[in-house]
Amino acid sequence: MSEVTDQMRRHSAAHLMARAVQNVFENVQVDIGPATDEGFYYDFDLPHRLSPEDFPKIEAEIARLIALDEPFVRKVVSRDECARMLAGQTYKLERLADIPEGEDISTYTVGDYVEMCRGPHVEHSKQIGVVKLRRVAGSYYRGDEHNKMLQRIYGIIARDQAEMDALLAREEEAKKRDHRRLGTELDLFHLDPEDPGQVFWHPRGWSIYVTLQDYMRRKLVKDGYQEVNTPALMPRSLWERSGHWAHYQQNMFITESEKRLFAVKPMNCPGALEIFKSRTRSYKDLPLRLAEFGHCARNEPSGTLHGIMRVRGFVQDDAHIICTEEQIEEEVAKFCRLLKDVYSDFGFDQNMKVRLSTMPEDHVGDEATWRKAEDALAKALVANGMTYAIQEGEGAFYGPKLEFKITDALDREWQCGTIQLDYQLPSAERLNAEYIGADGKKHHPVMLHRAVLGSLERFIGILIEHYAGAFPLWLAPEQVRILPISDKAAAYAQKIRAALAAAGYRVEVDSSAEKLGAKIRAATVEKVPYQIVVGPRDEAAEQISVRSRADGDLGAMKLDAFLARLAAEMKS
RNA sequence: GCCACUUUAGCUCAGUAGGUAGAGCACAUCCUUGGUAAGGAUGAGGUCGGCGGUUCGAUUCCGCUAGGUGGCUCCA
């Protein structure tokens with residue numbers, strides 16, 4: 001007897017939901033309904049517009065079906081037999097046609113309901129547990145935007161009601177970490193409805209931004225990069241040469257001046273190559289690593305925007321490595337080392353996923369070169385002890401790429417770091433970058449596009465959720481808050497503030513008329529790492545009373561002792 | 001961009017079977033000078049996303065439009 005896995009239970013729940021929807025509504029066409037890491041979904045096509053108001057009815061029907069505790073019976077059938085069983089179900093019949101000749105076609109029957117399915121499933125419906133429907137969403141048939149949009153219902157399962165309650169409570173907790181909520185609560189940024197996808201950074205948010213950027217800058221300099229900056233607005237002629245005008249125009253903001261068209265840059269790469277081309281280059285200049293915190297604008301479809309994670313104006317910790325083909329592997333390996341180093345500083349090296357995207361059908365260049373490039377990427381990962389999955393055919397048309405993905409508070413994956421190999425842009429057909437080789441002849445270099453954090457906007461969004469707003473000392477917008485007991489301690493509070501500020505810390509004084517308890521509460525809610533309480537007693541003893549976000553009340557100490565503690569924490 | 005849902009004060013949300021609205025927090029003023037998670041009082045703040053329609057009258061019903069949310073496609 002095989003073990004009943006969560007995947008089987010979820011998948012079986014999807015079947016029962018499909019059955020329930022057909023029992024509750026008329027003219028239901030079913031497509032497919034797999035299990036996911038979280039729960040399951042099923043795609044339907046029916047005249048009724050599904051809404052969350054329909055959930056109780058459907059859930060009740062599912063509960064009824066589960067309670068029947070009917071067995072899931074597997075049967076291998078012939079193609080014709082299966083087609084007969086699926087009569088009237090056009091999507092299912094199309095799916096049936098997809099199954100290659102010679103492969104087993106199996107069906108699962110539960111009570112009077114039969115479905116074509118590979119399985120596996122639970123043995124009896126009661127093994128599924130409790131089912132709750134979560135949301136309805138649109139979904140293109142076969143994931144193709146040219147196809148009809150089906151109605152998808154997402155659901156989750158639990159072994160019993162207690163586990164379901166715990167699951168829902170965890171979801172509520174995750175929502176509290178949502179960067180959009182914390183961004184407002186902690187006064188980090190705001191988004192203006194009239195200017196979708198553009199971030200207004202408030203002082204506290206911008207402090208994090210600049211601190212992160214400085215951190216990255218130090219890493220880049222140490223790793224042999226040179227920082228550059230290129231124009232935000234570049235002419236149509238350049239974009240035509242780069243290929244963006246033909247392939248990326250829909251995503252570009254275009255503007256006009258004196259009858260010439262310009263575009264706000266969606267990427268920094270042409271700018272980097274312009275710098276490379278500004279004088280004759282030697283093979284001795286390679287690899288040339290040009291970093292740029294360039295502000296890019298992409299006119300993303302409105303439906304794809306999401307807080308500060310997916311925006312229309314953003315800055316990548318971008319860099320372009322211009323090198324020879326022989327240098328690719330070492331440069332990729334070097335990048336992986338840098339990425340690992342940075343991610344480990346945030347604890348992201350644990351839950352990160354790496355994907356290698358290979359040659360797509362629509363590509364330029366010959367297959368041998370592609371395979372060589374893919375190998376170089378894979379070898380660099382292995383050399384760094386990184387495990388990865390392959391995304392077949394998901395590479396860019398100009399070259400394969402590595403993607404490094406991090407998960408947000410609501411379990412959505414976001415691509416942050418990436419390195420992409422590009423044979424195209426430096427080529428004669430595009431921007432025609434050249435260097436003089438040891439043989440005295442001209443050669444085209446290859447280019448690596450790469451980013452460690454991805455966009456600063458997205459990375460900060462993930463950081464907000466990762467730390468639940470409680471940033472480590474070095475990143476915290478306000479590192480220390482001084483809480484004078486009353487006006488009588490105001491002068492002493494200012495003296496301490498000045499001393500901390502002189503030592504380079506971001507420090508504020510809460511001089512409001514509130515009582516100490518209220519001040520502590522405010523500083524705690526705002527997640528300030530250190531609170532310093534000062535009153536007449538401290539002043540007389542030339543001490544401060546320290547409260548840490550992590551360890552609570554630390555009692556009284558000398559300012560020097562506190563400074564030493566801060567310095568030690570900044571280093572770690 | 002596509003499908004569904006949604007939009008009331010700075011924030012989180014009530015509410016009106018159609019008769020132009022409330023709470024908590026935040027904010028302002030005053031009182032309180034208080035030693036480790038919310039002291040008290042008073043007050044200000046909204047043409048209920050925008051436009052149009054139905055109606056004697058629309059925040060409420062209908063249509064369009066914009067933003068947001070959840071997905072899909074796309075993507076840093």
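Chain letters run A, B, ... following the sequence lines, proteins first, then strands; residues in each count from 1.
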For the C1' atoms, the ones on B/C13 and on B/A26, what distance do you get once it is rounded to whole angstrom? 14 Å
Say you pick atom C1' in B/G46 and the same atom in B/G53; how far apart are they, in whole Å? 25 Å
If only atom types and distance count, is the side chain of A/His363 paired as donor or acceptor with the main-chain N or O of A/Glu361 below 3.5 Å? yes
With a 4.0 Å cut-off on heavy atoms, is A/Ala451 in touch with a base, just the backbone sugar-phosphate, or nothing at all? nothing
Using atom P of each nucleotide, how far apart are B/G43 and B/A23 to the nearest Å? 12 Å
Winner on side-chain proximity to A/Arg298, out of B/U36, B/G34, B/C75, is B/C75
Polar contact flag, side-chain donor to acceptor under 3.5 angstrom, A/Ser545-A/Asp538: yes
Using 0.5 Å steps for rounding, measure from the CD atom of A/Glu403 to the CD1 atom of A/Ile419. 12.5 Å
Pairwise N/O distances under 3.5 Å, protein to nucleotides 3-13 of chain B:
| from | atom 1 | to | atom 2 | distance (Å) |
| --- | --- | --- | --- | --- |
| B/C3 | O3' | A/Arg49 | NH1 | 3.4 |
| B/C3 | O2 | A/Gly138 | N | 3.0 |
| B/A4 | OP1 | A/Arg49 | NH1 | 3.4 |

How long is the span from the CG atom in A/Asp178 to the CD atom in A/Glu173, to the nearest 0.5 Å? 13.0 Å
Is it the case that the side chain of A/Lys219 and the backbone of A/Val342 share a donor-acceptor pair, with hydrogens and angles ignored and the cut-off at 3.5 Å? no
Checking A/Gln29 side chain against A/Thr90 main chain: does a donor-acceptor pair fall under 3.5 Å? yes
Would you indicate what A/Cys296 reaches in the nucleic acid, counting non-hydrogen atoms under 4.0 angstrom: base, sugar-phosphate, or nothing? nothing
Could you check which nucleotide pairs with B/A37 in any of the strands shown, counting Watson-Crick or G-U wobble with both distances under 3.5 Å? none
Are A/Gln415 and B/A76 close enough that a side-chain N or O sits under 4.0 Å from OP1 or OP2? yes
Give me the distance, rounded to whole Å, that separates B/G68 from B/C31 when you measure between the C1' atoms they each carry. 43 Å
Quick one: pull up CG in A/Leu188 and CD1 in A/Ile460 and give me the separation to the nearest 0.5 Å. 9.0 Å
Rounded to the nearest Å, what distance is computed from the CD atom of residue A/Glu526 to the C1' atom of nucleotide B/A38? 13 Å
Polar atom pairs (N or O), protein with nucleotides 45-50 of chain B, under 3.5 Å:
none

Looking at every strand, decide which applies to A/Asn251 at a 4.0 Å heavy-atom threshold: base, sugar-phosphate, or nothing. nothing
Check nucleotides 67-69 of chain B for protein N or O atoms closer than 3.5 Å to its own N or O atoms and list the pairs.
| from | atom 1 | to | atom 2 | distance (Å) |
| --- | --- | --- | --- | --- |
| B/U69 | OP1 | A/Arg180 | NH1 | 3.0 |
| B/U69 | O3' | A/Arg180 | NH1 | 3.4 |

For A/Tyr41, does the six-membered ring have the charged nitrogen or CZ of A/Arg152 within the cation-pi criterion, i.e. under 6.0 angstrom from the centroid and within 45° of the normal? yes
Interatomic distance, A/Arg521 CZ vs B/C25 C1' [rounded to whole Å]: 9 Å
Can a donor-acceptor pair be found, under 3.5 Å and without considering hydrogens, that links the side chain of A/Asp422 to the backbone of A/Leu448? no
Checking contacts here: which listed nucleotide (B/G35, B/U33, B/A76) is nearest the side-chain heavy atoms of A/Gln420? B/A76
Please tell me which of the listed nucleotides, B/C72, B/A76, B/G39, lies nearest to the side chain of A/Lys401? B/A76
Please give, in whole Å, the distance from B/U32 C1' to A/Lys515 NZ? 8 Å
Classify A/Ala522 by what it touches in the nucleic acid, base, sugar-phosphate, or nothing, heavy-atom distance under 4.0 Å. nothing
Spacing of the P atoms in B/G19 and B/C62 (rounded, Å): 16 Å
By the 4.0 Å heavy-atom rule, please label A/Tyr154 as base, sugar-phosphate, or nothing. sugar-phosphate
Any strand, both distances under 3.5 Å, Watson-Crick or G-U wobble: B/C72 pairs with B/G1
Provide, to the nearest angstrom, the distance between the CZ atom belonging to A/Arg135 and the C1' atom belonging to B/G70. 6 Å
Judged by modelled atom types alone, do A/Glu392 and A/Thr358 share a side-chain donor-acceptor pair under 3.5 Å? yes
Between B/A76 and A/Phe314, is there a base-stacking contact, meaning the centre of the base's six-membered ring lies under 5.5 Å from the residue's ring centre while the planes stay under 30° apart? yes
A/Lys488 side-chain proximity, nearest of B/G1, B/A38, B/U33: B/U33
Without hydrogens or angle criteria, can the side chains of A/Asn251 and A/His244 be said to hold a donor-acceptor pair below 3.5 Å? no
So which nucleotide does B/G46 pair with, by the Watson-Crick or G-U wobble rule with both distances under 3.5 Å? none
Using 30° and 60° as the class limits, which term best fits the ring planes of A/Tyr209 and A/Trp201: parallel, tilted or perpendicular? perpendicular
Side-chain contact check for A/Asp487: nearest option of B/A76, B/G35, B/G34 is B/G34
Any strand: nucleotide that pairs with B/U16 via Watson-Crick or wobble, under 3.5 Å: none
Give none if B/C25 has no partner; otherwise give the nucleotide forming a Watson-Crick or G-U wobble pair with it, both distances under 3.5 Å. B/G10
Regarding A/Arg547, tell me which of base, sugar-phosphate or nothing describes its non-hydrogen contacts under 4.0 Å with the strands shown. base
Name the nucleic acid region contacted by A/Gly303, choosing base, sugar-phosphate or nothing; use a 4.0 angstrom heavy-atom cut-off, strictly under. base
Could you work out the separation of B/G50 and B/C11 based on their P atoms and round it to a whole Å? 15 Å
Sticking with atom P, work out how far B/U7 lies from B/G63, rounded to a whole angstrom. 15 Å
Please work out if A/Gly535 contacts a base, only the sugar-phosphate, or nothing of the nucleic acid, heavy-atom cut-off 4.0 Å. base
In terms of side-chain heavy atoms, does A/Tyr91 have a donor or acceptor partner in A/Asp45 at a distance below 3.5 Å? yes
Base, sugar-phosphate, or nothing: which does A/Arg310 touch, judged by heavy atoms less than 4.0 Å apart? base
Assign the ring pair A/Phe346 / A/Phe348 to parallel, tilted or perpendicular, where the plane angle (0 to 90°) is split at 30° and 60°. parallel
Atom-to-atom span, CZ of A/Arg355 to P of B/A76 - whole angstrom: 15 Å
Across all strands shown, which nucleotide pairs with B/G57 by Watson-Crick or G-U wobble geometry, both distances under 3.5 Å? none
Donor-acceptor pair (no angle test) under 3.5 Å: A/Ser545 side chain, B/G35 base: yes
Using atom P in both nucleotides, what's the gap between B/C5 and B/A37 to the nearest angstrom? 48 Å
Between C1' on B/U36 and CE on A/Met557, what's the gap in Å once rounded to a whole number? 14 Å
Does B/C51 pair with anything, Watson-Crick or G-U wobble, both distances under 3.5 Å, and if so, with which nucleotide? B/G63
Matching residue for A/Asp31 among A/Arg95, A/Lys148, A/Lys92, A/Arg142 - test: salt bridge (Lys or Arg N to Asp or Glu O under 4.0 Å): A/Arg95
A/Asp510 has an atom CG; how far is it from atom P of B/G34, in whole Å? 17 Å
In this structure, how many angstroms lie between the C1' atom of B/A26 and the NE2 atom of A/His190, rounded? 17 Å
Pairing donors with acceptors under 3.5 angstrom, does anything connect the side chains of A/Gln391 and A/Ser357? yes
Measure from the side chain of A/Glu300, starting at C-beta and using heavy atoms only, and say which of B/U36, B/C75, B/C72 lies closest. B/C75
